Amino acid sequence: MSKSITLHEFILLNQQDFLFATGELTSLLNDIVLSAKIISRDVRRAGLTDHVLGAQGMVNVQGEAQQKLDLLADQTLIRAFESSGVVCGIASEENDSFVAFQTETSKHGKYVVLFDPLDGSSNIDVNVSIGTIFSIYSRRSPLGTVATMDDMLQPGTEQVAAGYVLYGSSTMLVYTTGNGVNGFTLDPSIGEFCLSHPNMRMPENGRLYAMNEGNINECEMGLVAYIKYCQSRENETGMPYSGRYIGSLVADFHRSLIKGGIYVYPAVPAAPEGRLRLLYECNPLAFIAEQSGGLATTGRERIMEIQPTTLHQRVPYYIGSKSMVEKAMSFLT
Ligand code: AHM
Ligand code: MG
């Protein structure tokens, strides 16, 4: 059997991918890898210890009940970035505002990281796949100062790296630095992520669609017509597509990446801008989608070109196989 490449080795081997690489992004990616192992361990013990399952008793800035695991994951990541020495600030779905690190070393950090520490929180207590999503940008403010809001509000086209960790039947880390997408599976026996999915390509078409269809009567007519098309024999397969909806974006996206498919979270009256957050969820997965041959749009415009105006901004989201997203968009007026 040939020796598998660990994620650590892979990052080092590909360090030359980054223009003017100084090893800082490499070190940041390694911090994320360590946090992923810690969060994965906590997720795998959920149900066994008291401090992991259930609600924390607080709501986040978006009015959602915070789960204990949400906060554990959030703190794990913030601690890792604060001590990394290469990150000057972070923004997270679980915090009202961004955090500008105050140590001298952090003020010289080149990067900011935006993340959703645990996506799919409503699935934590029912033992269904959840994930961590992250997005890395170069700061805009001068080195040696504290991070600013301007550092956080950059369009997705400026991402230098993005990825996610999926705590599913196994734990996987998938990331891109703008040179394709690679996936690594955590081998629990050695505690290392090993390259299991090199050069991932999203199938150009698929026959799986994912949306919360409980909302269908609340959606714009074009989307209703597209979903009818998915369910009919009118589509190019001559058979209805299959509906699949996990309710964890990161898991639904991962399925599309591997098998082909589309995921839609539209604007609905209860969520007039859609439910998903541009900075923590939509941009990082859009970067991975595009790097693997897929597409991510609001149904009308490319996600990564949106100039963010607020930290917790939400957008309608159509992501997945290129032909499917294009087809869905053709139904919208
Ligand atoms: P979260 O980050 O608080 O978990 O919210 C985002 C989640 C997505 O993972 C998921 O696709 C969507 O919200 C589910 O929403 P709904 O329950 O309306 O279908
Ligand atoms: Mg989320």
Side-chain angles (χ1 to χ4, degrees), residues 36 39 43 46 53-56 58-74 76-77 90-96 113-135 156 162-168 172 174 208-219 223 227 243-257 261-289 296 298-299 303 308 311-320:
I39 299 169
V43 168
L53 272 194
Q56 175 76 25
M58 293 194 283
V59 290
N60 67 14
V61 63
Q62 295 150 80
E64 299 154 344
Q66 287 181 313
Q67 304 296 306
K68 291 176 188 166
L69 253 187
D70 277 332
L71 294 178
L72 264 181
D74 195 43
T76 302
L77 288 160
I90 60 100
S92 144
E93 189 181 302
E94 297 304 331
N95 296 294
D96 302 3
V113 189
L114 286 76
F115 56 90
D116 179 354
L118 263 196
D119 176 60
S121 338
S122 64
N123 279 325
I124 295 174
D125 285 356
V126 291
N127 211 348
V128 173
S129 298
I130 48 183
T132 298
I133 312 176
F134 61 91
S135 183
Y164 62 83
V165 187
L166 175 62
Y167 313 104
M172 266 195 84
V174 174
L208 300 173
Y209 74 96
M211 81 164 269
N212 180 345
E213 280 188 82
N215 289 330
I216 195 71
N217 294 329
E218 313 261 299
C219 296
L223 177 56
I227 297 296
R244 294 281 186 278
Y245 189 68
I246 296 168
S248 289
L249 168 66
V250 66
D252 281 306
F253 173 77
H254 187 71
R255 186 189 55 243
S256 297
L257 177 55
I262 184 171
Y263 172 100
V264 179
Y265 209 111
V268 286
E273 309 298 330
R275 176 182 162 104
L276 300 172
R277 295 78 171 179
L278 175 60
L279 295 176
Y280 318 116
E281 293 162 325
C282 301
N283 270 333
L285 297 187
F287 194 16
I288 292 180
T298 61
I303 288 291
L311 271 185
H312 299 291
Q313 184 170 345
R314 298 171 192 256
V315 285
Y317 205 39
Y318 289 67
I319 187 168

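Quick note: residue numbers are just sequence positions, from 1. The structure presented is a predicted model; accordingly, all values stated were derived computationally and were not measured. Order of listing sets the numbers, starting from 1, for every ligand and every atom in it.
The heavy-atom pair separating A73 from L118 by the smallest distance is CB-CG, 3.9 Å. Here the closest non-hydrogen pair linking V165 and A36 is CG2-CB, 3.8 Å.
Within 6.0 Å of the CG atom in N127, the count of heavy atoms belonging to other residues, nucleotides or ligands does not exceed 12.
The closest approach between any non-hydrogen atom of Y245 and ligand 1 is below 4.0 Å.
Residue-to-ligand polar distances place Y265 within reach of ligand 1: an N/O pair is separated by less than 3.5 Å. Distances between N or O atoms of D119 and those of ligand 1 include at least one value under 3.5 Å.
Each of the following atoms of ligand 1 lies closer than 4.0 Å to a heavy atom of E93: 1 (P), 2 (O), 3 (O). Atoms of ligand 1 found under 4.0 Å from any heavy atom of S121 (numbered from 1 in listed order, with element): 1 (P), 3 (O), 4 (O). For ligand 1, the atoms lying closer than 4.0 Å to a non-hydrogen atom of N212 are 16 (P), 18 (O), 19 (O). Proximity to D116 (heavy-atom distance under 4.0 Å) selects the following atoms of ligand 1: 2 (O). Shown in contact with Y263 at under 4.0 Å from a heavy atom are these atoms of ligand 1, numbered in order with element: 10 (C), 11 (O). Ligand 1 places these atoms under 4.0 Å from at least one heavy atom of G120: 1 (P), 4 (O), 9 (O). Within ligand 1, counting atoms from 1 as listed, the ones closer than 4.0 Å to a heavy atom of L249 are 8 (C), 9 (O), 10 (C), 11 (O).
Panel detail: the Mg ion (ligand 2) has protein N, O or S atoms under 2.8 Å away, 3 in number.
T298 is listed as a side-chain neighbour of I303, based on a closest heavy-atom distance under 4.5 Å.
In this structure, R244 contributes its side chain and A210 its backbone to no donor-acceptor pair below 3.5 Å. Formation of a donor-acceptor pair under 3.5 Å by the H312 side chain with backbone atoms of R277 is not found in this model. Counting only distance, with no hydrogens or angles, the side chain of D119 and the backbone of V250 share a donor-acceptor pair below 3.5 Å.
Relative ring orientation between Y263 and Y317 is described as perpendicular, the plane-to-plane angle rising above 60° on a 0-90° scale split at 30° and 60°.
A side chain to side chain contact (heavy atoms under 4.5 Å, CB included) with S121 is found for exactly one of L69, D70, I130, namely D70.
In this structure, the separation between OG on S92 and CG on L279 is 11.5 Å, given to the nearest 0.5 Å. In this structure, I262 CD1 and L208 CG are separated by 11.5 Å, a value rounded to the nearest 0.5 Å.
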